[in-house]
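Side chains are part of it too, since the values below use all heavy atoms of this structure and drop only hydrogens, waters and symmetry mates. Quick caveat: nothing in here was measured; it's all calculated off a predicted structure.
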Amino acid sequence: RKEVEQDPGPFNVPEGATVAFNCTYSNSASQSFFWYRQDCRKEPKLLMSVYSSGNEDGRFTAQLNRASQYISLLIRDSKLSDSATYLCVVNAGGYNKLIFGAGTRLAVHP
Amino acid sequence: SAVISQKPSRDICQRGTSLTIQCQVDSQVTMMFWYRQQPGQSLTLIATANQGSEATYESGFVIDKFPISRPNLTFSTLTVSNMSPEDSSIYLCSVEMRTAGGPDEQFFGPGTRLTVL
(Lines give C-alpha, C1' and ligand atoms only; values in the text may rest on other atoms or scores of the structure.)
Protein backbone atom coordinates (compact mmCIF):
# COMPACT_ATOMS: atom_id res chain seq x y z
CA ARG A 1 0.00 0.00 0.00
CA LYS A 2 1.33 3.47 -0.88
CA GLU A 3 1.99 5.81 2.02
CA VAL A 4 -0.09 8.56 0.42
CA GLU A 5 -2.81 7.72 -2.05
CA GLN A 6 -4.77 10.17 -4.14
CA ASP A 7 -7.72 10.11 -6.48
CA PRO A 8 -6.65 9.04 -9.94
CA GLY A 9 -6.94 11.82 -12.50
CA PRO A 10 -7.36 13.59 -14.68
CA PHE A 11 -10.34 15.65 -13.62
CA ASN A 12 -11.77 17.61 -16.54
CA VAL A 13 -14.20 20.30 -15.37
CA PRO A 14 -15.74 23.45 -16.86
CA GLU A 15 -14.98 26.88 -15.51
CA GLY A 16 -17.08 27.67 -12.46
CA ALA A 17 -17.39 24.06 -11.36
CA THR A 18 -16.67 22.78 -7.87
CA VAL A 19 -14.18 19.93 -7.70
CA ALA A 20 -12.99 17.83 -4.76
CA PHE A 21 -9.81 15.84 -4.38
CA ASN A 22 -9.36 13.11 -1.80
CA CYS A 23 -6.26 11.65 -0.23
CA THR A 24 -5.56 8.93 2.32
CA TYR A 25 -2.36 8.32 4.25
CA SER A 26 -1.10 5.23 6.02
CA ASN A 27 1.09 6.58 8.84
CA SER A 28 -1.13 7.34 11.81
CA ALA A 29 1.75 9.23 13.44
CA SER A 30 1.79 11.89 10.72
CA GLN A 31 1.34 15.35 12.17
CA SER A 32 1.57 17.77 9.26
CA PHE A 33 -0.48 17.82 6.07
CA PHE A 34 -0.28 19.93 2.97
CA TRP A 35 -1.62 20.49 -0.50
CA TYR A 36 0.86 21.59 -3.16
CA ARG A 37 0.15 22.45 -6.77
CA GLN A 38 2.58 21.72 -9.54
CA ASP A 39 2.34 23.24 -12.97
CA CYS A 40 3.83 21.45 -15.93
CA ARG A 41 7.64 21.57 -15.85
CA LYS A 42 7.64 23.70 -12.69
CA GLU A 43 8.46 23.08 -9.06
CA PRO A 44 5.71 22.27 -6.52
CA LYS A 45 4.28 25.33 -4.82
CA LEU A 46 2.64 25.19 -1.42
CA LEU A 47 -1.07 25.79 -1.78
CA MET A 48 -2.07 25.39 1.84
CA SER A 49 -1.29 23.58 5.04
CA VAL A 50 -4.16 21.51 6.40
CA TYR A 51 -5.24 22.02 9.97
CA SER A 52 -7.23 19.66 12.18
CA SER A 53 -10.22 21.97 12.26
CA GLY A 54 -10.20 22.42 8.50
CA ASN A 55 -9.22 25.66 6.84
CA GLU A 56 -10.24 27.86 3.98
CA ASP A 57 -8.28 30.17 1.74
CA GLY A 58 -10.51 31.97 -0.74
CA ARG A 59 -11.95 29.37 -3.11
CA PHE A 60 -9.95 26.55 -1.54
CA THR A 61 -11.06 24.52 1.47
CA ALA A 62 -8.99 21.76 3.06
CA GLN A 63 -10.31 19.19 5.51
CA LEU A 64 -8.52 16.63 7.68
CA ASN A 65 -10.03 13.55 9.28
CA ARG A 66 -7.40 11.99 11.52
CA ALA A 67 -9.59 9.04 12.54
CA SER A 68 -10.01 8.00 8.90
CA GLN A 69 -6.54 9.26 7.88
CA TYR A 70 -8.17 11.22 5.12
CA ILE A 71 -7.50 14.66 3.64
CA SER A 72 -9.56 16.56 1.10
CA LEU A 73 -9.27 19.69 -1.01
CA LEU A 74 -12.30 21.47 -2.38
CA ILE A 75 -11.98 24.06 -5.14
CA ARG A 76 -15.00 26.25 -5.77
CA ASP A 77 -15.68 28.34 -8.86
CA SER A 78 -12.84 26.75 -10.83
CA LYS A 79 -10.72 29.03 -13.01
CA LEU A 80 -8.70 28.14 -16.06
CA SER A 81 -5.61 29.01 -14.03
CA ASP A 82 -6.43 26.24 -11.54
CA SER A 83 -5.35 23.69 -14.15
CA ALA A 84 -2.38 21.89 -12.57
CA THR A 85 -1.44 18.75 -10.70
CA TYR A 86 -2.42 18.78 -7.02
CA LEU A 87 -0.13 16.91 -4.65
CA CYS A 88 -1.24 15.61 -1.27
CA VAL A 89 1.72 15.67 1.11
CA VAL A 90 2.15 14.39 4.66
CA ASN A 91 5.12 14.27 6.98
CA ALA A 92 6.58 10.92 8.00
CA GLY A 93 5.31 10.78 11.54
CA GLY A 94 7.20 13.36 13.51
CA TYR A 95 10.12 13.72 11.08
CA ASN A 96 10.77 16.54 8.63
CA LYS A 97 10.57 14.07 5.77
CA LEU A 98 7.65 14.74 3.45
CA ILE A 99 5.85 11.95 1.63
CA PHE A 100 4.26 13.01 -1.65
CA GLY A 101 1.23 11.49 -3.27
CA ALA A 102 1.35 10.76 -6.96
CA GLY A 103 -0.80 13.82 -7.66
CA THR A 104 -4.15 14.43 -9.27
CA ARG A 105 -4.29 16.34 -12.51
CA LEU A 106 -6.97 18.98 -12.93
CA ALA A 107 -7.90 20.46 -16.30
CA VAL A 108 -10.38 23.34 -16.27
CA HIS A 109 -11.85 24.12 -19.67
CA PRO A 110 -13.87 27.09 -20.92
CA SER B 1 8.51 31.83 2.16
CA ALA B 2 12.06 32.10 0.76
CA VAL B 3 13.62 32.86 -2.59
CA ILE B 4 15.49 29.76 -3.74
CA SER B 5 17.65 29.48 -6.83
CA GLN B 6 19.29 26.48 -8.41
CA LYS B 7 22.09 26.17 -10.91
CA PRO B 8 22.17 24.85 -13.55
CA SER B 9 18.52 24.95 -14.54
CA ARG B 10 19.13 22.12 -16.98
CA ASP B 11 21.97 20.07 -18.37
CA ILE B 12 22.62 17.25 -20.76
CA CYS B 13 25.47 15.00 -19.66
CA GLN B 14 27.33 11.95 -20.87
CA ARG B 15 27.14 8.74 -18.91
CA GLY B 16 29.98 8.20 -16.48
CA THR B 17 30.41 11.90 -15.74
CA SER B 18 29.31 13.82 -12.65
CA LEU B 19 27.25 16.96 -12.21
CA THR B 20 27.10 19.27 -9.21
CA ILE B 21 23.88 21.16 -8.61
CA GLN B 22 23.87 24.28 -6.48
CA CYS B 23 21.06 25.56 -4.30
CA GLN B 24 21.08 29.08 -2.87
CA VAL B 25 18.48 30.55 -0.53
CA ASP B 26 18.06 34.20 0.38
CA SER B 27 17.80 33.64 4.14
CA GLN B 28 19.45 31.41 6.70
CA VAL B 29 17.70 28.08 7.11
CA THR B 30 18.51 25.09 9.24
CA MET B 31 16.89 22.37 7.16
CA MET B 32 17.55 21.87 3.47
CA PHE B 33 16.46 18.88 1.44
CA TRP B 34 17.20 17.33 -1.92
CA TYR B 35 14.48 15.57 -3.91
CA ARG B 36 14.27 13.76 -7.20
CA GLN B 37 11.29 13.75 -9.54
CA GLN B 38 11.58 11.15 -12.26
CA PRO B 39 9.54 11.54 -15.44
CA GLY B 40 5.84 11.14 -14.74
CA GLN B 41 6.45 10.49 -11.06
CA SER B 42 6.02 12.41 -7.85
CA LEU B 43 8.83 13.66 -5.63
CA THR B 44 11.12 11.35 -3.68
CA LEU B 45 13.39 12.59 -0.91
CA ILE B 46 17.07 11.84 -1.51
CA ALA B 47 18.57 13.31 1.65
CA THR B 48 18.36 15.94 4.35
CA ALA B 49 21.26 18.39 4.48
CA ASN B 50 21.92 20.14 7.76
CA GLN B 51 24.73 22.60 8.24
CA GLY B 52 27.57 21.26 10.34
CA SER B 53 26.71 17.59 10.04
CA GLU B 54 26.70 14.88 7.43
CA ALA B 55 23.65 14.55 5.24
CA THR B 56 21.06 11.94 6.14
CA TYR B 57 20.17 9.72 3.19
CA GLU B 58 16.90 7.95 2.53
CA SER B 59 16.66 4.29 1.72
CA GLY B 60 17.92 3.63 -1.79
CA PHE B 61 20.26 6.63 -1.89
CA VAL B 62 23.92 6.55 -0.87
CA ILE B 63 26.58 9.16 -0.26
CA ASP B 64 28.96 7.78 -2.89
CA LYS B 65 26.35 8.32 -5.59
CA PHE B 66 24.86 11.58 -4.28
CA PRO B 67 27.45 13.44 -2.20
CA ILE B 68 26.04 16.57 -0.56
CA SER B 69 27.73 19.62 0.88
CA ARG B 70 26.20 22.15 3.25
CA PRO B 71 28.92 24.68 4.01
CA ASN B 72 26.64 27.34 5.49
CA LEU B 73 23.01 28.16 6.27
CA THR B 74 22.18 29.54 2.81
CA PHE B 75 23.82 27.11 0.41
CA SER B 76 24.01 23.43 -0.48
CA THR B 77 25.22 21.29 -3.36
CA LEU B 78 24.17 17.88 -4.61
CA THR B 79 26.46 15.92 -6.90
CA VAL B 80 25.13 13.17 -9.13
CA SER B 81 28.13 10.90 -9.63
CA ASN B 82 29.01 8.44 -12.35
CA MET B 83 25.76 9.19 -14.12
CA SER B 84 23.70 6.72 -16.10
CA PRO B 85 20.54 7.34 -18.17
CA GLU B 86 18.49 6.19 -15.16
CA ASP B 87 19.62 9.35 -13.36
CA SER B 88 17.73 11.49 -15.87
CA SER B 89 15.34 13.37 -13.66
CA ILE B 90 14.49 16.71 -12.13
CA TYR B 91 16.45 17.44 -8.97
CA LEU B 92 14.94 19.91 -6.54
CA CYS B 93 16.17 21.46 -3.34
CA SER B 94 13.81 22.67 -0.66
CA VAL B 95 14.06 24.59 2.57
CA GLU B 96 11.96 24.36 5.69
CA MET B 97 10.55 27.50 7.25
CA ARG B 98 8.81 27.88 10.56
CA THR B 99 5.34 29.39 10.58
CA ALA B 100 3.62 31.19 13.42
CA GLY B 101 1.16 28.78 14.98
CA GLY B 102 1.32 26.27 12.17
CA PRO B 103 3.42 23.40 10.86
CA ASP B 104 6.90 23.91 9.44
CA GLU B 105 6.50 24.39 5.69
CA GLN B 106 8.80 23.46 2.82
CA PHE B 107 9.44 25.61 -0.22
CA PHE B 108 11.08 24.38 -3.37
CA GLY B 109 13.68 25.69 -5.74
CA PRO B 110 12.92 25.76 -9.48
CA GLY B 111 14.64 22.43 -10.07
CA THR B 112 17.47 21.19 -12.28
CA ARG B 113 16.41 19.12 -15.28
CA LEU B 114 19.10 16.53 -15.97
CA THR B 115 19.29 14.37 -19.05
CA VAL B 116 21.96 11.67 -19.22
CA LEU B 117 22.81 10.27 -22.64
Cluster overlap [X] with [Y], hydrophobic side-chain contacts below 4.5 Å:
{"X": "B/Val29", "Y": "B/Leu92", "result": "yes"}
{"X": "A/Leu47", "Y": "B/Val95", "result": "no"}
{"X": "A/Phe60", "Y": "A/Phe34", "result": "no"}
{"X": "B/Trp34", "Y": "B/Ile4", "result": "no"}

Identify the heavy atoms of [X] and [Y] that sit nearest to each other, and give their distance.
{"X": "A/Tyr51", "Y": "B/Pro103", "result": "CE2-CD, 3.5 Å"}
{"X": "A/Leu98", "Y": "B/Tyr35", "result": "CB-OH, 3.6 Å"}
{"X": "A/Glu43", "Y": "B/Gly109", "result": "CB-O, 3.0 Å"}

Is atom [atom1] of [X] surrounded by more than 12 heavy atoms (other residues, nucleotides or ligands) closer than 6.0 Å?
{"X": "B/Gln22", "atom1": "CD", "value": "yes"}
{"X": "B/Gln38", "atom1": "CD", "value": "yes"}
{"X": "B/Arg98", "atom1": "CZ", "value": "no"}
{"X": "B/Arg15", "atom1": "CZ", "value": "no"}
{"X": "A/Arg105", "atom1": "CZ", "value": "no"}

Checking heavy atoms, do the side chain of [X], its backbone, both or neither come under 4.5 Å from chain A?
{"X": "B/Gln41", "value": "neither"}
{"X": "B/Leu43", "value": "both"}
{"X": "B/Phe108", "value": "both"}

Examine the side chains of B/Gln37 and A/Gln38 and answer whether a donor and an acceptor come within less than 3.5 Å of each other.
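There is such a pair between these side chains.
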
Dump the intermediate steps for side-chain contact (heavy atoms from CB on, under 4.5 Å) on B/Asp104 and A/Ser32, then the final yes or no.
CA-CA 8 Å; B/Asp104 296 342; A/Ser32 303; over 6 Å; no

Once you round to the nearest 0.5 Å, how far does OG of B/Ser94 lie from CG of A/Leu46?
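Answer for the OG-CG pair, B/Ser94 versus A/Leu46, is 11.5 Å.
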
What I'd like to find out is whether the side chain of A/Lys42 reaches to under 4.5 Å of the side chain of B/Pro110, using heavy atoms alone.
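Side-chain contact under 4.5 Å: no.
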
Can you find a pair of side-chain heavy atoms, one from A/Tyr36 and one from B/Gln106, that are under 4.5 Å apart?
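Side chain of A/Tyr36 against side chain of B/Gln106, heavy atoms only: contact under 4.5 Å found.
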
Go through A/Pro44, A/Gly103, A/Ala102 and name the one with the most non-hydrogen pairs under 4.5 angstrom from chain B.
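Most heavy-atom pairs under 4.5 Å with chain B: A/Pro44.
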
Contact class of A/Phe33 relative to chain B, heavy atoms under 4.5 angstrom
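Interface part for A/Phe33: neither.
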
